[in-house]
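Presented below is the structure to which this report refers.
Every heavy atom of this structure was used, including side-chain atoms; hydrogens, water molecules and symmetry mates were not.
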Amino acid sequence: MYPSFRHVIVCACVLLSACAGTPTVLDQHKLQSLSLYDENHQARFSVYVSCETTDDLSEGICLRTKYAFADWANDRKIALSSVDTKDALFTGNQLEASRMSGRAAAKPYVMAIYFNPEVTPSFGAMFDGASAVSVASNSRSARIGYRANIRIFDAASGKLVEQVPSHETINVKPEANGAPYVRIVVADLVASLDPSYTPDRPNIPRR
């Protein structure tokens, strides 16, 4: 016997609320081998950030993401620029000539961060007296996370020298405002990229 649509909805809700989430995943050994920071823990790179989200309910998430990266760059005196997701930094293996001069030339590396926020809505089921099912999808978020790709170029030769993927997922209450949690996952990524730096994190609970 096949499960009813009502049972499918209930099971989906239970599984979603039971997920523990995944911590920031990033291979720091690859980054450490490049000596991205000097003996005084100062950054030896300039950084470009690109953000892309396909979630229509998440308007403004990329703007908040860029603000969070900008706070890090300002605190650490790192030259930061925003670029398009289709920029050559993410599609090619060689820096454009313009990025091998000027401010970037003062640092031995160029870091390019492609950041893709992921917001998974929470769905709830409501039942009336006739056991009819209606799906309520007006809650904000149940899971918030990201997938990212960090690319490191040699600023002198322009060659791509390292590429490191990263991802994280955290669970939040369905009625929670998702904005502070977006800042948390960005802070987690920044802390992984810059271990000597303590980013500002909103004081909100994780599930």
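Minimum interatomic distance between A187 and P199 (heavy atoms only, all atoms of both residues): O-CG, 3.4 Å. In terms of heavy-atom proximity, S157 sits nearest to Q94 at O-NE2, 2.8 Å. In terms of heavy atoms, K107 sits closest to A155 at O-CB, 3.2 Å. Of all non-hydrogen atoms in I78 and S46, the two that sit nearest each other are CG2-CA, 4.3 Å. Across V164 and L26, no two heavy atoms sit closer than the pair CG1-CG, 4.0 Å. Here the shortest heavy-atom pairing between D188 and E168 reads OD2-OE2, 2.5 Å.
Electrostatic pairing of E162 and R151 does not count as a salt bridge here, judged by no charged N lying under 4.0 Å from a carboxylate O. Note on R99 versus D87: salt bridge recorded, some NZ/NE/NH1/NH2 to OD/OE distance being below 4.0 Å.
With sequence neighbours left out, the side-chain contact (heavy atoms from CB on, under 4.5 Å) criterion links D71 to R183. The ring pair (Phe, Tyr, Trp, His ring centres under 6.0 Å) check on F115 picks up F69, Y146, with sequence neighbours excluded. R44 meets the salt bridge (Lys or Arg N to Asp or Glu O under 4.0 Å) test with no other residue; sequence neighbours excluded.
Here Q163 contributes atom CD and K30 contributes atom NZ; the two are 8.5 Å apart, rounded to the nearest 0.5 Å. How far CZ of R64 is from CD1 of I61: 8.5 Å, rounded to the nearest 0.5 Å. Rounded to the nearest 0.5 Å, atoms CG (L36) and CD1 (I152) are 5.0 Å apart. Here the straight-line distance linking atom CG of N149 with atom NE2 of H167 works out to 12.0 Å at 0.5 Å rounding.
N116 places a side-chain N or O within donor-acceptor distance of the main-chain N or O of E52, the cut-off being under 3.5 Å. In terms of modelled atom types and a separation under 3.5 Å, the side chain of Y109 and the main chain of V161 share no donor-acceptor contact. Without hydrogens or angle criteria, N74 side chain to A70 main chain gives a donor-acceptor distance under 3.5 Å. In terms of modelled atom types and a separation under 3.5 Å, the side chain of D27 and the main chain of H29 share a donor-acceptor contact.
Looking at I144 and I184, their side chains never come closer than 4.5 Å, going by heavy atoms from C-beta outward. Proximity of I170 to Y181: side-chain heavy atoms (C-beta onward) are separated by under 4.5 Å at one or more points. In this structure, the side chains of R76 and D194 come closer than 4.5 Å at one or more pairs of heavy atoms. In this structure, the side chains of V49 and V83 stay at 4.5 Å or more apart for every pair of heavy atoms. Proximity of F90 to D84: side-chain heavy atoms (C-beta onward) are nowhere separated by under 4.5 Å.
Of the candidates C51, S50, P165, Y114 forms a side chain to side chain contact (heavy atoms under 4.5 Å, CB included) with just one, namely S50. Screening T85, T53, V182 against C62 for a side chain to side chain contact (heavy atoms under 4.5 Å, CB included) leaves a single residue, T53.
Taking the six-membered ring for Trp, F45 and Y37 have ring centres closer than 6.0 Å.
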Criterion side chain to side chain contact (heavy atoms under 4.5 Å, CB included) on F153 and N93, from CA distance to verdict: CA-CA 8 Å; F153 295 85; N93 297 329; 5.6 Å; no
Worked check of side chain to side chain contact (heavy atoms under 4.5 Å, CB included) between M111 and L193: CA-CA 10 Å; M111 176 184 291; L193 294 173; 4.3 Å; yes
CA sep, side-chain torsions, deciding dist, call: Y197, D75, side-chain hydrogen bond (donor to acceptor under 3.5 Å, both in side chains): CA-CA 9 Å; Y197 176 70; D75 290 346; 2.6 Å; yes
